[in-house]
Structures are given as C-alpha cells and as structure tokens.
Asks: 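Input: one structure, supplied below.
All ligand and atom numbering here is 1-based and tracks the order in the structure.
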Amino acid sequence: MDLDEFRRNGHRMIDWIADYLANLDQRPVREPVEPGEVRAKLPDQAPERPEPFDQIAADLDEIVVPGLAHWQHPGWFAYFPAMSSPPSVLGELASAGLGVQGMLWSTAPAATEIESCVLDWLVGAMGLPDAWRTTGAGGGVIQSSASDSTHAALVTARERCRQRTGAAAESMVVYASGQAHSSMEKGARMAGFGHFRPIAADEAFAARPDDLERAVAEDRRAGLAPAFVGSTVGTTATTAVDPLRRMGETARAEGMWHHVDAAYAGSAMICPEMRGHQDGLELADSYTFNPHKWLATNFDCSVLWVADRRPLVEAMSITPSYLRDAASESGQVIDYRDWQAPLGRRFRALKLWFVLRSFGLEGLRAMIRTHVGWARSLAERIEAHPRLDLIAPVPFALVCFAHTAGDEATDALAEAVNAGGRSYVTTAAAGRRFIRAAVGSTWTTRAHVDRLWDEIAANAERM
Ligand SMILES: *Cc1c(COP(=O)(O)O)cnc(C)c1O
C-alpha cells in the first residue's frame, strides 16, 4: 500500500467507523456467536499473495462485526463502560501514524513532555494533591491498565519495605478490602508478597478500618511485615468507597504504602462535588484511575500517580549500555521506561490530550453529570418498584439492584433483559445476587436508559 492508496483507504476506513457507530443501535448489543464460529471463517494459513485492501476491509463486516459484543453500543450497561470518542480515536490514529517509541525522553521528547503535562493538568482538574505533579516530588505515568498501575505500586512498595525493614517479601503483607478488584491480589502474588489479607466490608460494601487495624496488629504479633494497604474509590461490584483517610492514617502509622484504586470512579473527580469521596489523598503514596473507563478515552489508558517518584524509579530502573543517554544522565528529563515494567511504550498521551482539548473540562464534567443523573433517576424508579430492591448506594453511575423474589428471579430478570438484545447488563454477588447497570457508554442517551427501565419493569412483573 503506497501513500496514495493509504490516503484513499484511510478516508474510507473513517467512513466505515462512523457508519458502524451510527448504525449500532440497529444491531443486537451482543451478536449471537458460538465458540469457534469466527475461526471457522478464517483460512488455515496466512495468505501467500497480497490481498486487495477492499477484500480485507469487507471482512470487517463479514467476519468481525458479527462476531462481537459491541462495547460502544448505546444499550451497553454491562461491566463498566470502556469509553471511546471521536477525538480519542483520531488521537489513536495519529499515534499509530507517528509510530514512535517513548521509552526514553530522547527517543520521543514530545511524547514524554505531553504525557507529563497532560497528567499534571489532571492533578489540578481532579483536585489531587499538588505534590503529585511532575513539577513537584511526584508525577504521573500512563500504563496499559489499572492492573499494571497497581502492580507497579506493589513492586515499589515491596522495595521500600525491604529497604526500611530488611524484611523478606515472603513475610510482607498486603491488605485490601474483600471487595477490592482482583488485580490487587493478583498483583500482590506477582510481586512476590507472601500474604494477602482481605479486609471485611460494612453493609455498604466499604472496607472496615477497624478490621484493617485488627489484621495489622495480628500480623505484627505473628512476626510478619505489614507493607501495603490498597483502598478503593468505587469498587468494581458496587462502586463502594473505602474510608481513605482512616486507611491512610493506619498505613502511615504502620509505615505501610497506601495505594488508592479509583479505576472507574476517578474520572468523576473532575466534578468538584464528587471529591468528598476521596478525602484523605494527601496520605496516599499512589493512585490509579482509568480514563479508558469513563473519561471518553480509548483503551488502553490508565494513569498512575505517585506522591514521590524516587522509590518508583529506584524499583524499576536498570540501565544497560545500549540505553545510556546524555539527556538521561543530565537528570533533566523523565525517562518513562523507569516508571513501568515494559521498556517500549506507545504515545498514549496523544488521545488523552485530544480528548481533554476537544471536550474541555466543562464538556467532560457535563458528560459525567449527565450519566450520574440518569443513573440516579434509574435508581429512583427501581427503589419505587415493589418487586425490586436497590442493594447499594449510587455515588457514581452504577445501579445495583435485585429482584425481591430472590437470586433465581434476579438471574432470570437479567437474562430476560439481555435476551431482548437491545440492552445488556451483567450480574454479580455480594451475599445475594444482583444486577449491575452501568450508565456511561459514549452513545447512550436518556432514551436508552428509559428503554432499559421499560425492559426491567416489564420483566420484573413476570418473575
Ligand atoms: C476495572 C477495574 C480495575 C481493572 O482495570 P484494568 O484497567 O482492566 O486492569 C481495577 N480496579 C477497579 C476498581 C476496577 O473497577
């Protein structure tokens, strides 16, 4: 494909994406597809001879689209949203076209400096502690996923604990709510921590600080080394908010690292009225949130901030001879390879930069507030319905509810809504089974939320 063909095909590909998005509502949220069905449409071997691009692109319609769950469908209420938006898609495209590797400042200076700047902007925009800016002691870095961000925080915490106490990783303990995301426990295991302690949650699914204190005291008596507290703002199952300040105080008093996982809810912090949920951040050592969930930015884009960048860089930095570099040695620049596990890195800041400038903070705040408003109105209708129970508070835009007749009726209700093909919700369990409806897909409108409600109400009557 020469550049003229690229230009022609590229314009058509943008048309294809716009058509796909414009017509999504005519398709089922999830295509009916059986395991192996997609693979069966593909040849066994890679093509020996070049194929015309027309033929390749046609298979998007023939093979790809009919084999997907459509995450950008306006009836998508499952899991959490994985937002995408036109400016973000264009940022991704530009990043692919530039094809740079930003592992060192010198390998792509603009990639590094735009990333630092955009994340510094977000410190202000989200009301985070000023010291987290790269112009202060801390700084932000874009990772692939919140799981990677949490893993990096865990590795850093392990090294700091080793330096401070001389303890071996096998005797170190990680604490997080039993409601925390699985990446907390998985990261602890991957980082070599000997122990993971799930902390009990209260009736609103938030971690109980007294249980954290009890567990730490018990572990100290047993000769173990408490090393890491993971708090969550907006848990995955129910968007519960852990008491950050209390957990941060315990972490500080015990010399532990305090990491805050706000993967989903962090985006809401661009609205000042939400920030009460993250009171106590000045006691946090690290914080992660995913613009790729709820800030109109395509996966992958997870931000990790650290209050002090030195322990992170110390834990991650190894310099082989082929990476020796004058700019790095001058100490004047950031080399983001030292802030993450991989060496190579994409220019992911570009899409976030495009999004922040295209929407403006005002536009993003309006988007979040709209989603929160629709979620609350859905929650009110659920609460008023005689056969439905709201099972958790709705601080953000996730609504958790169950059928009063019990777990079977709840599962049957979710299945009935999903069988219609126009809306998609998932279920979870915390004592009892419940349905999660996450409002926040890019193309969802009020009418789609109303349609979801009509489907819930009509089916709930029949259960
Ligand atoms: C979604 C989620 C994660 C995992 O995010 P990835 O970016 O997919 O790794 C972690 N923590 C919480 C609270 C989440 O909701």
Asks: Assess the side chains of W257 and S286: does a donor N or O sit below 3.5 Å from an acceptor N or O?
Replies: yes
Asks: Charged N to carboxylate O below 4.0 Å: is that the case for R381 and D450?
Replies: yes
Asks: For the residue pair W105 and E113, confirm or rule out a side-chain donor-acceptor distance under 3.5 Å.
Replies: yes
Asks: Verify side chain to side chain contact (heavy atoms under 4.5 Å, CB included) between L244 and D279, making sure each step is shown before the conclusion.
Replies: CA-CA 7 Å; L244 291 196; D279 172 57; over 6 Å; no
Asks: Which pairs of nitrogen or oxygen atoms, taken one from ligand 1 and one from the protein, are under 3.5 angstrom apart?
Replies:
unit_1: ligand 1; atom_1: 5 (O); unit_2: N290; atom_2: ND2; d: 3.4
unit_1: ligand 1; atom_1: 7 (O); unit_2: A146; atom_2: N; d: 2.8
unit_1: ligand 1; atom_1: 7 (O); unit_2: N290; atom_2: ND2; d: 2.9
unit_1: ligand 1; atom_1: 7 (O); unit_2: H292; atom_2: NE2; d: 3.3
unit_1: ligand 1; atom_1: 9 (O); unit_2: S145; atom_2: OG; d: 3.4
unit_1: ligand 1; atom_1: 9 (O); unit_2: A146; atom_2: N; d: 3.3
unit_1: ligand 1; atom_1: 9 (O); unit_2: S147; atom_2: N; d: 2.9
unit_1: ligand 1; atom_1: 9 (O); unit_2: S147; atom_2: OG; d: 2.6
unit_1: ligand 1; atom_1: 11 (N); unit_2: D261; atom_2: OD1; d: 3.3
unit_1: ligand 1; atom_1: 11 (N); unit_2: D261; atom_2: OD2; d: 2.6
unit_1: ligand 1; atom_1: 15 (O); unit_2: T236; atom_2: OG1; d: 3.0
unit_1: ligand 1; atom_1: 15 (O); unit_2: K293; atom_2: NZ; d: 3.0

Asks: Would you please classify the geometry between the Y264 ring and the F396 ring as parallel, tilted or perpendicular, with 30° and 60° separating the classes?
Replies: perpendicular
Asks: Given H70, which of W76, Y424, Y20 fulfils the side chain to side chain donor-acceptor pair (under 3.5 Å) condition?
Replies: Y20
